[in-house]
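Side-chain atoms are counted along with the backbone in the values below, which use heavy atoms only and exclude waters and symmetry mates. Quick note on labels: first sequence line is chain A, next is B, and so on, each numbered from 1.
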2 protein chains.
Amino acid sequence: MSEHPSNEEWLFDYQLLSKLVIGIGEVSDITGLPTRKIRYWEDKGIIQSKKDCEGGTRKYSYLDIKKIILIQELLADGYTLDAAAKKVENRIKNINQTMLGLSKYLDQQD
Amino acid sequence: MSEHPSNEEWLFDYQLLSKLVIGIGEVSDITGLPTRKIRYWEDKGIIQSKKDCEGGTRKYSYLDIKKIILIQELLADGYTLDAAAKKVENRIKNINQTMLGLSKYLDQQD
DNA sequence: ACTTTTATTGTAGATAAGTTACAATATAGG
DNA sequence: CCTATATTGTAACTTATCTACAATAAAAGT
């Protein structure tokens, strides 16, 4: 009973969460964007994937997908790609702050 | 400011989180297990992956990985595979309860 | 000692998924 | 009609993963 971390801690494993990187096909399935478009946005610098090497496969994290979904919404609202990208950056910074704060909070629990 | 969900809500997007399924190669990188061993555990029924079709590629969720890591620890402790699997099942049920409860709690916030 | 069970690994030959790099198309403003 | 912005198509190639065979290793029974 005391040998394990609490259920909450076990559930919100940030270290693990940040390692969860998925392929471009899954991103396409989740977001509804064709892979071609995802690569195009990346070529334009709107989003960034992780690649271990040239010619290797692109990997996307949870926050990358969040970002893509947010950009989609802004585009539907009438923003240009560049404008949407700029707007999203601010929100991402905000999220990172929250994530950091929450992480610290959880660390001092138990 | 009020057009967005709160940072917490944005961060803990369970619906999205549950869609984040990664390939066997990533699972191998994260857990340190060779892919061959992961498939073997699956053949034995210790773990289960999602496959859209026969011959399709295996996909693993966040909780699947958690499970694998937990089994690893139990094996290191001296458990047999079957015993470890059984022990882990209980913990998983517990986690699912927590996840459900937390999900409901977050729904009634804001 | 040897036979079984348990756990793991090797690999060939296949398919699935993803890459780059070319170009083509569409559409809205100026 | 021209230009910038956004998107799409595809061929040829590489990387990732699949199945299905079998082999090995170590511990547990008898």
Side-chain angles (χ1 to χ4, degrees), chain A residues 19-65 67-89, chain B residues 19-65 67-89:
Chain A
K19 285 190 212 154
L20 275 197
V21 287
I22 71 179
I24 197 169
E26 271 305 320
V27 176
S28 174
D29 286 347
I30 292 173
T31 62
L33 299 180
T35 60
R36 189 64 185 78
K37 191 182 244 179
I38 297 169
R39 292 198 194 94
Y40 165 67
W41 285 10
E42 187 161 336
D43 288 343
K44 279 210 60 177
I46 305 296
I47 51 177
Q48 294 84 33
S49 68
K50 289 95 193 154
K51 279 204 275 189
D52 15 348
C53 58
E54 257 291 311
T57 63
R58 293 170 172 81
K59 298 290 178 185
Y60 300 87
S61 70
Y62 175 79
L63 279 184
D64 290 332
I65 298 161
K67 187 171 172 179
I68 289 173
I69 291 173
L70 196 45
I71 290 175
Q72 261 185 308
E73 287 170 11
L74 293 175
L75 286 187
D77 249 33
Y79 284 83
T80 65
L81 252 187
D82 290 330
K86 199 170 282 181
K87 198 171 166 68
V88 160
E89 280 313 313
Chain B
K19 285 190 212 153
L20 272 198
V21 287
I22 73 178
I24 197 170
E26 272 305 320
V27 176
S28 173
D29 286 348
I30 292 173
T31 62
L33 299 180
T35 61
R36 188 66 185 78
K37 191 183 242 178
I38 297 169
R39 291 195 195 96
Y40 166 69
W41 286 10
E42 187 161 337
D43 288 344
K44 279 210 61 177
I46 305 296
I47 50 176
Q48 295 82 34
S49 69
K50 290 94 192 155
K51 279 205 275 190
D52 15 349
C53 58
E54 255 292 309
T57 61
R58 294 170 173 82
K59 298 290 177 184
Y60 301 88
S61 69
Y62 174 80
L63 279 184
D64 291 331
I65 298 161
K67 186 171 172 178
I68 290 173
I69 291 172
L70 195 45
I71 290 176
Q72 261 185 309
E73 286 170 12
L74 293 175
L75 286 187
D77 248 34
Y79 285 81
T80 66
L81 251 187
D82 290 330
K86 200 170 280 183
K87 197 170 168 69
V88 160
E89 281 313 313

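- Thr31(B) and Gln72(B) share no donor-acceptor pair across their side chains, judged by distance under 3.5 Å alone.
- Atom-to-atom, CD1 of Ile38(A) to P of dA6(D) comes out at 17 Å; the value is rounded to the nearest Å.
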Just by protein heavy atoms under 4.0 Å, how would nucleotides 8-24 of chain C read 5' to 3' in B, S and -? BBBB-----SSBB-BB-
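- When atom types are taken as modelled, the side chain of Asp64(B) and the backbone of Ser61(B) share a donor-acceptor pair closer than 3.5 angstrom.
- In Lys86(A), the NZ atom is not crowded: 12 or fewer heavy atoms of neighbouring residues, nucleotides or ligands sit closer than 6.0 Å.
- Paired with Ile47(B) under the rule side-chain contact (heavy atoms from CB on, under 4.5 Å), one option of Val88(B), Val27(B), Ile71(B) passes, and it is Ile71(B).
- Closest approach of Glu26(B) to Lys19(A), counting heavy atoms only: OE1-O, 4.0 Å.
- Note: CD1 (Ile46(B)) to P (dA7(C)) measures 8 Å, nearest angstrom.
- Note: CG (Leu74(B)) to P (dA7(C)) measures 13 Å, nearest angstrom.
- Computed from coordinates, the Ile68(B) CD1 to dA7(C) C1' distance equals 16 Å when rounded to whole Å.
- Of all heavy-atom pairs between Ala84(A) and Leu75(A), the closest is CB-CD2, 4.4 Å.
- Distance Glu42(B) CD to dT17(D) P: 13 Å, rounded to the nearest Å.
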